[in-house]
Protein chains: 2
Amino acid sequence: MRLSQGVEWAIHTCLNLTWLGAERGVSTSRLAEFYQLPPAYLNKQLQSLVRAGILASTPGRRGGFSLARQPADISLLDVVVAIEGPDPLFRCEQILRAGPGGRPDVDYREVCLVSGAMRRADLAWRQELASRTLADLKADVERSFPATPDATRDRFAELHER
Amino acid sequence: MRLSQGVEWAIHTCLNLTWLGAERGVSTSRLAEFYQLPPAYLNKQLQSLVRAGILASTPGRRGGFSLARQPADISLLDVVVAIEGPDPLFRCEQILRAGPGGRPDVDYREVCLVSGAMRRADLAWRQELASRTLADLKADVERSFPATPDATRDRFAELHER
DNA sequence: GTAGGAATACTCGGATAAGAACTGTCCGAGTGGGCGAGG
DNA sequence: CCTCGCCCACTCGGACAGTTCTTATCCGAGTATTCCTAC
């Protein structure tokens, strides 16, 4: 069990977009080339981010993707949920229903204490992810690696020259 | 992305074993029949628990599985790790290595701040799971559903009669 | 020289295959009990 | 009646398929640029 590769791509790509300024969109091919990623598959992940309202896409000749919201309004949980979907890590299949005294009309996802304990852990994970926004991460990177914003902008400028 | 079905089976089965007493092992077929689970596949999960040192197995005519440790010494994290493996939820593939200024000799799982943020969430999840033992869960169930221990023992007694 | 328009190059978007992981099943190795024969 | 030994039933354990999900790719719809032609 592990999260999709797309989560890593999505977070780093969104972070790059915070440094590029949103005056105009950046195409999938440029975003993919930045990390040597397969463009078509990255495009698939970006579409998920658009559906989630995190990115905005503009079609056509000079189209591309840009952040749809302020970085401070985008949490890591938003990105993870956009890629992985809203389902919890642990899915209770209600096996208590098949045990002694199991009732078909009871929702054991609410009653079962095992399910409850797993849901609490799930919640701790989500709360930690929700507490960190793209703006926080951007500030942390700029504090630890001050050269990153300029290096990122320069690299994208090179990619645009081609 | 979601945890294996086996996690739910493993936790409930271990919980049942805490009520049965460890005087002698319980066979896979009985444990499976309790929840109407496929016996061979449950056996696969139980083997993982044995390898993790959570259960002990005795082969032969009257063999079966029993808890290898005290319920207070078995956390939910132990069971989850036994079934799912030790890998973190988020796997950092170090895509920064392919970006501008990426160095082949740097371990970006330690340096990358995105990876760090995801690891922190992972840790919150694991800490929550590690804080709850089988003994805690057993006590909670007995407090909320006092009839469960006897009902469980009775049901297993029926299964043994066959 | 200028305006209009058609061709074009580049973009996103969803529909379509290959690979891996989870799910499910089967059969062999090993052990302990049960039955029968002999004393 | 008791003891010994063989046979058998039942167990775990790892090797073997089916199905779902992740990964990867391709082609069509749409738009802004760009070039050409007519005025």
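What you see is a predicted model; the values in this text were computed from it and never measured. Quick note on labels: first sequence line is chain A, next is B, and so on, each numbered from 1.
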* Interatomic distance, A:L49 CG vs C:dC12 C1' [rounded to whole Å] -> 14 Å
* Salt-bridged, B:R119 to B:D122, with N to O below 4.0 Å? -> no
* Structure fact -> From CD of B:Q47 across to C1' of C:dG24 the rounded distance in Å is 14 Å
* Just how far, in rounded Å, is C1' of C:dG13 from CG of A:L46? -> 12 Å
* Using a cut-off of less than 4.0 Å, is there contact between a side-chain N or O of A:T58 and OP1 or OP2 of C:dC12? -> no
* Asked: Side-chain N or O of A:S27 less than 4.0 angstrom from OP1 or OP2 on C:dC12?
  -> no
* Asked: Are the aromatic ring centres of B:W9 and B:Y41 under 6.0 angstrom apart?
  -> yes
* To do: Just compare D:dG14, D:dC12, C:dT23 and give me whichever is closest to any side-chain atom of A:R91.
  => C:dT23
* Identify, with sequence neighbours excluded, every residue that meets salt bridge (Lys or Arg N to Asp or Glu O under 4.0 Å) alongside B:R120. => none
* To do: Output, in order, the C-alpha distance, side-chain angles, deciding distance and verdict of side-chain contact (heavy atoms from CB on, under 4.5 Å) for A:D136 and A:L76.
  => CA-CA 10 Å; A:D136 299 333; A:L76 288 183; over 6 Å; no
* Per-nucleotide protein contact string for nucleotides 24-32 of chain D (B base, S sugar-phosphate only, - none; heavy atom under 4.0 Å) -> BBB---BBB
* Asked: Between D:dT23 atom C1' and B:I95 atom CD1, what is the distance in whole Å?
  -> 16 Å
* Asked: Nearest nucleotide by nearest heavy atom, which residue falls closer to the 5' end of DNA chain C, A:R2 or A:V26?
  -> A:V26
* Presence of salt bridge, B:R30 and B:E33, under 4.0 angstrom -> no
* Structure fact -> With the side chain defined as heavy atoms from C-beta on, B:S29 is closest, among D:dT11, C:dG13, C:dT11, to D:dT11
* To do: Considering just the side-chain nitrogens and oxygens of A:S4, establish if one lies under 4.0 Å of OP1 or OP2 belonging to D:dC21.
  => no
* C:dC12 C1' sits how many Å from A:Q45 CD, rounded? -> 15 Å
* Could you check how far CG of B:L31 sits from C1' of D:dC12, rounded to whole Å? => 13 Å
* If the plane angle is over 60° it's perpendicular, under 30° parallel, otherwise tilted; pick one for A:Y35 and A:H12. => perpendicular
* Take the C1' atoms of the five end pairs on each side of the helix from C:dG1-D:dC39 to C:dG39-D:dC1, get both axes, and report the angle to 10 degrees. => 10°
* Asked: Could you give the CG-to-P distance, from B:L3 to D:dC21, as a whole number of Å?
  -> 15 Å
* **Between D:dC12 (C1') and B:R30 (CZ): distance, integer Å** => 14 Å
* Any salt bridge between B:R143 and B:D140, counting N to O under 4.0 Å? -> yes
* Asked: Is B:E8 reaching over with its side chain to a backbone N or O of A:Q94, donor-acceptor style, under 3.5 angstrom?
  -> yes
* Are any of the side-chain nitrogens in A:K138 or A:E142 under 4.0 Å away from the carboxylate oxygens of its partner? -> yes
